[in-house]
Amino acid sequence: MGAVLGCIADDFTGATDLAGLLARSGAAVSLRIGVPDESEAETAAEFEVIALKCRTAPVEEAIASCRAALGWLQSAGASRFFWKYCSTFDSTPEGNIGPVAEALMADLGASQTIYCPAFPENGRSIFMGNLFVGQQPLHESPMKDHPLTPMRDANLMRLLAPQVRGEVGLIDRLTVAKGPEAVRAALAEHASNGVAHLVVDAVADADLAIIAEACQDMPLLTGGSAIAQPLPALYAKGQGAPQRGSAPSVPEGALVLSGSCSQMTRAQVAAYLAQAPGYKLDPLELAKSGPGAALNWLKGQAPEQNPLIYATAEPDEVRRAQSELGVSQAGEVVERALAAISVAARDQGTRRFVVAGGETSGAVTSALGVTRLDIREEIAPGVPWCFAKSAGSDIAITLKSGNFGAESFFADALVKLDAS
Ligand code: ADP
(Lines give C-alpha, C1' and ligand atoms only; values in the text may rest on other atoms or scores of the structure.)
Protein backbone atom coordinates (compact mmCIF):
# COMPACT_ATOMS: atom_id res chain seq x y z
CA MET A 1 0.00 0.00 0.00
CA GLY A 2 3.04 2.24 0.36
CA ALA A 3 3.93 5.15 2.57
CA VAL A 4 1.39 7.85 3.48
CA LEU A 5 3.93 10.24 4.98
CA GLY A 6 7.68 10.32 4.37
CA CYS A 7 9.82 11.93 7.08
CA ILE A 8 13.45 12.99 7.04
CA ALA A 9 15.14 13.63 10.41
CA ASP A 10 18.47 15.42 10.77
CA ASP A 11 19.74 13.11 13.54
CA PHE A 12 19.09 9.68 15.04
CA THR A 13 17.54 10.56 18.40
CA GLY A 14 15.33 13.13 16.65
CA ALA A 15 14.15 10.37 14.34
CA THR A 16 13.30 8.04 17.24
CA ASP A 17 11.45 10.85 18.99
CA LEU A 18 9.37 11.53 15.84
CA ALA A 19 8.78 7.82 15.13
CA GLY A 20 7.61 7.31 18.72
CA LEU A 21 5.10 10.19 18.53
CA LEU A 22 3.73 8.95 15.19
CA ALA A 23 3.42 5.41 16.60
CA ARG A 24 1.27 6.65 19.51
CA SER A 25 -1.58 6.71 16.96
CA GLY A 26 -1.34 2.93 16.47
CA ALA A 27 -0.12 3.39 12.87
CA ALA A 28 2.68 1.31 11.35
CA VAL A 29 5.88 3.35 11.68
CA SER A 30 9.24 2.30 10.38
CA LEU A 31 12.52 4.02 11.16
CA ARG A 32 15.40 3.60 8.71
CA ILE A 33 18.97 4.27 9.68
CA GLY A 34 20.28 6.10 6.62
CA VAL A 35 18.73 6.03 3.14
CA PRO A 36 17.65 2.43 2.39
CA ASP A 37 18.33 0.52 -0.81
CA GLU A 38 15.92 1.06 -3.68
CA SER A 39 14.68 -2.54 -3.32
CA GLU A 40 13.43 -1.79 0.21
CA ALA A 41 10.80 0.65 -1.12
CA GLU A 42 8.37 -2.24 -1.59
CA THR A 43 8.38 -2.95 2.14
CA ALA A 44 7.41 0.58 3.17
CA ALA A 45 5.24 1.17 6.24
CA GLU A 46 2.47 3.82 6.26
CA PHE A 47 4.79 6.19 8.10
CA GLU A 48 8.43 6.13 7.14
CA VAL A 49 11.12 8.04 9.04
CA ILE A 50 14.65 8.21 7.65
CA ALA A 51 17.32 9.07 10.23
CA LEU A 52 20.21 11.01 8.74
CA LYS A 53 23.18 12.61 10.46
CA CYS A 54 23.18 16.00 8.78
CA ARG A 55 22.41 18.60 11.44
CA THR A 56 25.87 20.13 11.27
CA ALA A 57 27.11 18.65 7.98
CA PRO A 58 28.28 21.10 5.28
CA VAL A 59 25.17 22.58 3.60
CA GLU A 60 25.69 20.93 0.20
CA GLU A 61 26.23 17.53 1.82
CA ALA A 62 23.07 17.90 3.94
CA ILE A 63 21.03 18.89 0.88
CA ALA A 64 22.36 15.92 -1.12
CA SER A 65 21.56 13.38 1.60
CA CYS A 66 18.08 14.83 2.22
CA ARG A 67 17.28 14.82 -1.50
CA ALA A 68 18.37 11.17 -1.71
CA ALA A 69 16.09 10.41 1.25
CA LEU A 70 13.23 12.27 -0.47
CA GLY A 71 13.77 10.23 -3.64
CA TRP A 72 13.55 6.97 -1.68
CA LEU A 73 10.42 8.10 0.18
CA GLN A 74 8.79 9.01 -3.15
CA SER A 75 9.62 5.59 -4.55
CA ALA A 76 8.08 4.12 -1.36
CA GLY A 77 4.81 5.81 -2.36
CA ALA A 78 4.76 8.91 -0.15
CA SER A 79 3.25 12.09 -1.55
CA ARG A 80 3.48 14.17 1.64
CA PHE A 81 6.71 14.84 3.47
CA PHE A 82 8.02 16.09 6.78
CA TRP A 83 11.44 17.63 7.46
CA LYS A 84 12.23 17.09 11.14
CA TYR A 85 14.78 19.13 13.07
CA CYS A 86 15.31 19.88 16.73
CA SER A 87 12.68 21.71 18.80
CA THR A 88 15.39 24.22 19.68
CA PHE A 89 15.91 24.96 15.95
CA ASP A 90 19.54 23.74 16.18
CA SER A 91 21.30 25.16 13.15
CA THR A 92 24.34 27.16 12.14
CA PRO A 93 24.05 30.63 10.52
CA GLU A 94 24.14 28.89 7.11
CA GLY A 95 21.76 26.03 7.79
CA ASN A 96 20.84 23.31 7.47
CA ILE A 97 17.15 23.84 8.29
CA GLY A 98 16.41 26.48 5.63
CA PRO A 99 18.58 25.24 2.75
CA VAL A 100 17.25 21.66 3.06
CA ALA A 101 13.63 22.88 3.24
CA GLU A 102 14.15 25.02 0.14
CA ALA A 103 15.80 22.16 -1.78
CA LEU A 104 12.98 19.74 -0.86
CA MET A 105 10.38 22.36 -1.86
CA ALA A 106 12.09 22.75 -5.23
CA ASP A 107 12.09 18.96 -5.81
CA LEU A 108 8.42 18.75 -4.83
CA GLY A 109 7.29 21.87 -6.70
CA ALA A 110 5.99 23.27 -3.40
CA SER A 111 5.60 27.05 -3.22
CA GLN A 112 5.13 27.27 0.56
CA THR A 113 6.03 25.47 3.76
CA ILE A 114 5.74 26.04 7.50
CA TYR A 115 8.36 26.01 10.28
CA CYS A 116 6.98 24.88 13.61
CA PRO A 117 9.58 23.50 16.07
CA ALA A 118 7.18 23.95 19.05
CA PHE A 119 6.96 20.98 21.48
CA PRO A 120 4.70 22.24 24.31
CA GLU A 121 4.91 18.92 26.26
CA ASN A 122 8.67 19.55 26.54
CA GLY A 123 8.41 23.29 27.19
CA ARG A 124 9.24 24.48 23.67
CA SER A 125 6.79 27.15 22.58
CA ILE A 126 6.71 29.86 19.90
CA PHE A 127 5.09 33.26 20.39
CA MET A 128 5.29 36.10 17.85
CA GLY A 129 7.96 34.07 16.09
CA ASN A 130 10.15 33.82 19.21
CA LEU A 131 11.12 30.39 20.49
CA PHE A 132 11.04 29.74 24.23
CA VAL A 133 12.63 26.90 26.22
CA GLY A 134 10.48 26.77 29.32
CA GLN A 135 10.21 30.40 30.39
CA GLN A 136 13.48 31.47 28.75
CA PRO A 137 13.89 32.80 25.24
CA LEU A 138 16.08 30.40 23.21
CA HIS A 139 19.17 32.64 23.34
CA GLU A 140 19.04 32.76 27.17
CA SER A 141 18.52 28.98 27.51
CA PRO A 142 21.40 26.47 27.83
CA MET A 143 21.29 26.27 23.99
CA LYS A 144 23.25 29.54 23.91
CA ASP A 145 26.36 27.51 24.82
CA HIS A 146 25.82 24.42 22.66
CA PRO A 147 29.23 23.27 21.36
CA LEU A 148 28.12 22.82 17.73
CA THR A 149 25.02 24.95 17.28
CA PRO A 150 25.02 27.79 19.83
CA MET A 151 21.68 29.59 19.47
CA ARG A 152 22.18 33.31 20.04
CA ASP A 153 18.80 34.63 18.85
CA ALA A 154 15.27 33.50 19.75
CA ASN A 155 13.58 35.05 16.72
CA LEU A 156 12.92 32.31 14.17
CA MET A 157 12.33 34.74 11.27
CA ARG A 158 15.73 36.33 11.88
CA LEU A 159 17.36 32.90 12.18
CA LEU A 160 15.68 31.56 9.06
CA ALA A 161 15.97 34.53 6.69
CA PRO A 162 19.75 34.20 6.05
CA GLN A 163 19.29 30.45 5.46
CA VAL A 164 16.81 30.76 2.56
CA ARG A 165 16.43 32.69 -0.68
CA GLY A 166 12.62 33.10 -0.48
CA GLU A 167 10.63 35.51 1.69
CA VAL A 168 10.05 34.66 5.36
CA GLY A 169 6.82 35.50 7.23
CA LEU A 170 4.89 34.75 10.42
CA ILE A 171 1.48 33.32 11.23
CA ASP A 172 1.09 34.41 14.82
CA ARG A 173 -0.75 32.93 17.77
CA LEU A 174 -3.68 35.37 17.39
CA THR A 175 -4.39 33.86 13.98
CA VAL A 176 -3.76 30.25 15.08
CA ALA A 177 -6.16 30.72 18.01
CA LYS A 178 -8.97 31.51 15.51
CA GLY A 179 -8.73 27.98 14.03
CA PRO A 180 -7.74 26.11 10.86
CA GLU A 181 -9.75 28.35 8.49
CA ALA A 182 -7.91 31.44 9.72
CA VAL A 183 -4.56 29.69 9.29
CA ARG A 184 -5.50 28.65 5.75
CA ALA A 185 -6.57 32.19 4.93
CA ALA A 186 -3.28 33.56 6.28
CA LEU A 187 -1.31 31.05 4.20
CA ALA A 188 -3.24 32.09 1.08
CA GLU A 189 -2.63 35.75 1.74
CA HIS A 190 1.08 35.15 2.24
CA ALA A 191 1.10 33.07 -0.97
CA SER A 192 -0.39 35.96 -2.91
CA ASN A 193 2.45 38.14 -1.59
CA GLY A 194 5.01 35.52 -2.59
CA VAL A 195 5.96 34.57 1.01
CA ALA A 196 7.28 30.99 0.86
CA HIS A 197 8.54 30.31 4.39
CA LEU A 198 6.09 30.70 7.28
CA VAL A 199 7.09 30.48 10.91
CA VAL A 200 3.93 29.46 12.83
CA ASP A 201 3.34 30.22 16.51
CA ALA A 202 2.22 27.44 18.87
CA VAL A 203 2.18 27.48 22.66
CA ALA A 204 -0.02 24.43 23.37
CA ASP A 205 -0.97 21.08 21.84
CA ALA A 206 -4.33 22.59 20.81
CA ASP A 207 -2.43 25.04 18.57
CA LEU A 208 -0.52 22.17 16.96
CA ALA A 209 -3.79 20.36 16.23
CA ILE A 210 -5.15 23.47 14.48
CA ILE A 211 -1.96 24.00 12.47
CA ALA A 212 -1.74 20.31 11.46
CA GLU A 213 -5.35 20.36 10.32
CA ALA A 214 -4.84 23.53 8.30
CA CYS A 215 -1.57 22.36 6.71
CA GLN A 216 -2.18 18.62 6.29
CA ASP A 217 -2.31 18.81 2.48
CA MET A 218 0.91 20.75 2.00
CA PRO A 219 3.47 18.60 0.16
CA LEU A 220 6.12 19.55 2.73
CA LEU A 221 5.81 20.41 6.41
CA THR A 222 8.80 21.19 8.61
CA GLY A 223 9.26 21.35 12.36
CA GLY A 224 9.94 19.46 15.57
CA SER A 225 8.32 16.10 16.20
CA ALA A 226 5.22 17.44 17.99
CA ILE A 227 3.60 19.10 14.97
CA ALA A 228 3.64 15.69 13.22
CA GLN A 229 1.86 13.84 16.04
CA PRO A 230 -1.69 14.76 14.88
CA LEU A 231 -0.99 13.77 11.24
CA PRO A 232 -1.69 9.98 11.39
CA ALA A 233 -5.22 10.58 12.68
CA LEU A 234 -5.84 13.30 10.08
CA TYR A 235 -4.56 11.14 7.21
CA ALA A 236 -6.60 8.14 8.38
CA LYS A 237 -9.85 10.14 8.41
CA GLY A 238 -12.72 8.09 7.05
CA GLN A 239 -10.65 4.89 7.07
CA GLY A 240 -11.01 4.07 10.77
CA ALA A 241 -8.17 4.12 13.27
CA PRO A 242 -4.74 3.29 11.85
CA GLN A 243 -3.76 -0.33 12.49
CA ARG A 244 -0.37 -1.97 12.52
CA GLY A 245 0.13 -5.71 12.17
CA SER A 246 1.08 -7.90 15.12
CA ALA A 247 4.68 -7.95 16.31
CA PRO A 248 6.82 -11.04 15.73
CA SER A 249 7.30 -13.17 18.82
CA VAL A 250 10.86 -13.23 20.12
CA PRO A 251 12.18 -15.84 22.56
CA GLU A 252 12.60 -14.84 26.21
CA GLY A 253 15.97 -13.89 27.64
CA ALA A 254 17.19 -10.31 27.33
CA LEU A 255 20.59 -8.68 27.49
CA VAL A 256 20.79 -5.20 28.99
CA LEU A 257 23.76 -3.17 27.73
CA SER A 258 24.60 0.22 29.19
CA GLY A 259 27.28 2.60 27.92
CA SER A 260 25.57 5.74 29.19
CA CYS A 261 27.04 7.51 32.24
CA SER A 262 24.25 10.03 32.65
CA GLN A 263 22.80 10.55 36.09
CA MET A 264 19.52 8.77 35.31
CA THR A 265 21.26 5.79 33.71
CA ARG A 266 23.49 5.43 36.79
CA ALA A 267 20.38 5.21 38.95
CA GLN A 268 18.78 2.75 36.49
CA VAL A 269 21.83 0.48 36.56
CA ALA A 270 21.94 0.55 40.37
CA ALA A 271 18.22 -0.28 40.58
CA TYR A 272 18.48 -3.13 38.08
CA LEU A 273 21.52 -4.70 39.79
CA ALA A 274 19.23 -5.42 42.76
CA GLN A 275 17.29 -7.91 40.62
CA ALA A 276 19.64 -9.23 37.92
CA PRO A 277 23.26 -10.36 37.54
CA GLY A 278 25.61 -7.67 36.28
CA TYR A 279 29.13 -7.36 34.88
CA LYS A 280 30.99 -4.07 35.00
CA LEU A 281 33.33 -3.19 32.13
CA ASP A 282 36.52 -1.32 32.93
CA PRO A 283 37.77 0.79 30.00
CA LEU A 284 41.44 0.36 31.04
CA GLU A 285 41.07 -3.41 31.16
CA LEU A 286 39.23 -3.36 27.81
CA ALA A 287 42.02 -1.29 26.23
CA LYS A 288 44.54 -3.89 27.41
CA SER A 289 42.75 -7.19 26.90
CA GLY A 290 39.51 -6.58 24.96
CA PRO A 291 36.05 -7.87 25.94
CA GLY A 292 37.06 -11.56 26.39
CA ALA A 293 36.40 -11.67 30.16
CA ALA A 294 32.94 -10.13 29.73
CA LEU A 295 32.12 -12.59 26.94
CA ASN A 296 33.12 -15.51 29.17
CA TRP A 297 30.99 -14.15 31.99
CA LEU A 298 28.01 -13.83 29.65
CA LYS A 299 28.36 -17.45 28.50
CA GLY A 300 27.96 -18.56 32.11
CA GLN A 301 24.70 -16.63 32.65
CA ALA A 302 21.23 -18.12 32.41
CA PRO A 303 19.44 -16.09 29.68
CA GLU A 304 16.19 -15.94 31.68
CA GLN A 305 18.05 -13.93 34.34
CA ASN A 306 18.21 -11.05 31.79
CA PRO A 307 21.82 -10.10 32.63
CA LEU A 308 23.29 -6.62 32.49
CA ILE A 309 26.69 -5.62 31.11
CA TYR A 310 27.59 -2.01 31.76
CA ALA A 311 30.37 0.54 31.55
CA THR A 312 28.21 3.07 33.37
CA ALA A 313 30.36 4.77 36.00
CA GLU A 314 30.49 7.79 38.28
CA PRO A 315 32.03 10.99 36.84
CA ASP A 316 35.36 10.60 38.69
CA GLU A 317 35.81 7.05 37.33
CA VAL A 318 35.02 8.28 33.82
CA ARG A 319 37.55 11.11 34.20
CA ARG A 320 40.21 8.64 35.36
CA ALA A 321 39.67 6.43 32.30
CA GLN A 322 39.66 9.49 30.05
CA SER A 323 42.89 10.87 31.47
CA GLU A 324 44.61 7.48 30.96
CA LEU A 325 43.24 6.75 27.49
CA GLY A 326 42.08 10.10 26.10
CA VAL A 327 38.40 11.06 25.88
CA SER A 328 37.60 9.60 22.47
CA GLN A 329 39.69 6.44 22.97
CA ALA A 330 37.96 5.74 26.31
CA GLY A 331 34.56 6.09 24.62
CA GLU A 332 35.59 3.98 21.68
CA VAL A 333 36.91 0.98 23.64
CA VAL A 334 33.64 0.87 25.55
CA GLU A 335 31.48 1.24 22.43
CA ARG A 336 33.51 -1.42 20.60
CA ALA A 337 33.22 -3.83 23.51
CA LEU A 338 29.45 -3.38 23.90
CA ALA A 339 29.04 -3.80 20.13
CA ALA A 340 31.06 -7.05 20.16
CA ILE A 341 29.13 -8.32 23.19
CA SER A 342 25.78 -7.66 21.47
CA VAL A 343 26.87 -9.68 18.43
CA ALA A 344 28.15 -12.57 20.58
CA ALA A 345 24.87 -12.58 22.54
CA ARG A 346 22.84 -12.67 19.34
CA ASP A 347 24.96 -15.55 18.06
CA GLN A 348 24.24 -17.37 21.35
CA GLY A 349 20.51 -16.90 20.80
CA THR A 350 19.64 -13.66 22.63
CA ARG A 351 16.76 -11.92 20.85
CA ARG A 352 15.87 -9.14 23.28
CA PHE A 353 18.16 -6.15 23.79
CA VAL A 354 17.86 -3.14 26.06
CA VAL A 355 20.51 -0.54 25.22
CA ALA A 356 21.29 2.63 27.18
CA GLY A 357 23.26 5.49 25.64
CA GLY A 358 22.84 7.47 22.41
CA GLU A 359 26.30 6.79 20.99
CA THR A 360 26.18 3.29 22.46
CA SER A 361 22.92 2.66 20.58
CA GLY A 362 24.56 3.72 17.32
CA ALA A 363 27.47 1.32 17.91
CA VAL A 364 25.20 -1.61 18.86
CA THR A 365 22.67 -1.21 16.01
CA SER A 366 25.47 -0.89 13.52
CA ALA A 367 27.24 -4.03 14.85
CA LEU A 368 23.96 -5.96 14.77
CA GLY A 369 23.44 -4.84 11.16
CA VAL A 370 20.13 -3.19 12.01
CA THR A 371 19.02 -0.73 9.34
CA ARG A 372 15.26 -0.72 9.96
CA LEU A 373 13.32 -0.47 13.22
CA ASP A 374 9.59 -1.07 13.42
CA ILE A 375 8.31 1.12 16.21
CA ARG A 376 6.01 -0.34 18.84
CA GLU A 377 4.78 0.46 22.37
CA GLU A 378 6.45 3.23 24.32
CA ILE A 379 8.18 2.10 27.53
CA ALA A 380 8.76 5.67 28.70
CA PRO A 381 8.03 8.94 26.84
CA GLY A 382 10.30 8.96 23.78
CA VAL A 383 11.57 5.38 24.22
CA PRO A 384 9.63 2.72 22.33
CA TRP A 385 10.26 -1.01 21.88
CA CYS A 386 11.34 -1.68 18.30
CA PHE A 387 11.51 -4.84 16.21
CA ALA A 388 14.27 -5.44 13.70
CA LYS A 389 16.11 -8.14 11.80
CA SER A 390 19.65 -9.06 12.77
CA ALA A 391 21.49 -11.75 10.78
CA GLY A 392 18.12 -13.01 9.53
CA SER A 393 16.48 -13.32 12.97
CA ASP A 394 13.76 -11.17 14.52
CA ILE A 395 14.98 -9.21 17.51
CA ALA A 396 13.31 -6.79 19.91
CA ILE A 397 15.45 -3.81 20.82
CA THR A 398 14.98 -0.59 22.72
CA LEU A 399 17.40 2.30 22.51
CA LYS A 400 17.41 4.75 25.39
CA SER A 401 19.52 7.85 25.37
CA GLY A 402 20.94 9.58 28.41
CA ASN A 403 18.42 10.83 30.89
CA PHE A 404 15.29 9.17 29.50
CA GLY A 405 13.11 6.79 31.49
CA ALA A 406 12.36 6.26 35.18
CA GLU A 407 14.73 4.58 37.66
CA SER A 408 13.02 1.25 37.00
CA PHE A 409 13.43 1.60 33.22
CA PHE A 410 15.28 -1.68 32.51
CA ALA A 411 12.76 -3.76 34.43
CA ASP A 412 9.87 -1.70 32.98
CA ALA A 413 11.12 -2.47 29.49
CA LEU A 414 11.17 -6.23 30.07
CA VAL A 415 7.70 -6.23 31.63
CA LYS A 416 6.29 -4.13 28.78
CA LEU A 417 7.62 -6.52 26.16
CA ASP A 418 6.09 -9.53 27.88
CA ALA A 419 2.76 -7.71 28.12
CA SER A 420 2.64 -6.68 24.45
P1 ADP B 1 24.35 9.23 26.70
O2 ADP B 1 23.12 8.96 25.86
O3 ADP B 1 24.11 9.11 28.17
O4 ADP B 1 25.06 10.50 26.29
P5 ADP B 1 26.27 7.80 25.10
O6 ADP B 1 26.32 6.34 24.82
O7 ADP B 1 25.80 8.71 23.98
O8 ADP B 1 25.36 8.01 26.40
O9 ADP B 1 27.66 8.36 25.54
C10 ADP B 1 28.41 7.83 26.57
C11 ADP B 1 29.86 7.75 26.12
O12 ADP B 1 30.66 7.47 27.26
C13 ADP B 1 30.08 6.60 25.14
O14 ADP B 1 31.01 6.98 24.16
C15 ADP B 1 30.66 5.50 26.04
O16 ADP B 1 31.46 4.60 25.32
C17 ADP B 1 31.48 6.31 27.02
N18 ADP B 1 31.71 5.62 28.29
C19 ADP B 1 30.89 4.74 28.90
N20 ADP B 1 31.41 4.31 30.05
C21 ADP B 1 32.59 4.91 30.20
C22 ADP B 1 33.59 4.87 31.20
N23 ADP B 1 33.47 4.09 32.28
N24 ADP B 1 34.70 5.64 31.02
C25 ADP B 1 34.81 6.41 29.95
N26 ADP B 1 33.90 6.52 28.97
C27 ADP B 1 32.79 5.77 29.07
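In this text, all values refer to a predicted model and were calculated from it rather than measured experimentally. Values reported hereafter were calculated over all heavy atoms of this structure, with side chains retained and with hydrogens, waters and symmetry mates removed. Read the numbers this way: they start at 1 and go in the same order the structure lists the ligands and their atoms.
- The proximity of Ala311 to ligand 1, defined as any non-hydrogen pair under 4.0 Å, involves the side chain as well as the backbone.
- Here is the list of ligand 1 atoms found below 4.0 Å of a heavy atom in Thr360: 6 (O).
- Looking only at heavy atoms of the protein, atom 8 (O) of ligand 1 is closest to Gly357 CA, 3.4 Å.
- Remark: Glu317 does not engage Arg266 in a salt bridge, criterion side-chain N to carboxylate O under 4.0 Å.
- If you check which protein heavy atom lies closest to atom 16 (O) of ligand 1, you get Gly331 O, 2.8 Å.
- Environment of CD in Glu252: sparse, with no more than 12 heavy atoms of neighbouring residues, nucleotides or ligands closer than 6.0 Å.
- Taking a 4.0 Å cut-off on heavy atoms, Val318 registers as neighbouring ligand 1.
- The shortest N or O to N or O distance between Gln322 and ligand 1 is not below 3.5 Å.
- Looking only at protein heavy atoms, the nearest one to atom 7 (O) of ligand 1 is Glu359 N, 2.7 Å.
- Atom 13 (C) of ligand 1 has its closest protein heavy atom at Glu335 OE2, 3.5 Å.
- Among protein heavy atoms, atom 3 (O) of ligand 1 sits closest to Ser260 OG, 2.7 Å.
- The protein heavy atom nearest to atom 24 (N) of ligand 1 is Pro283 CG, 3.5 Å.
- Between the side chain of Trp83 and the backbone N or O of Ile8, no donor-acceptor pair lies under 3.5 Å.
- For atom 11 (C) of ligand 1, the closest heavy atom belonging to the protein is Gly259 O, 3.9 Å.
- Side-chain contact of Thr265 with Ser258: a donor-acceptor pair under 3.5 Å is absent, judged by distance alone.
- For the atom pair Ile171 CD1 and Asp201 CG, the distance stands at 9.5 Å (nearest 0.5 Å).
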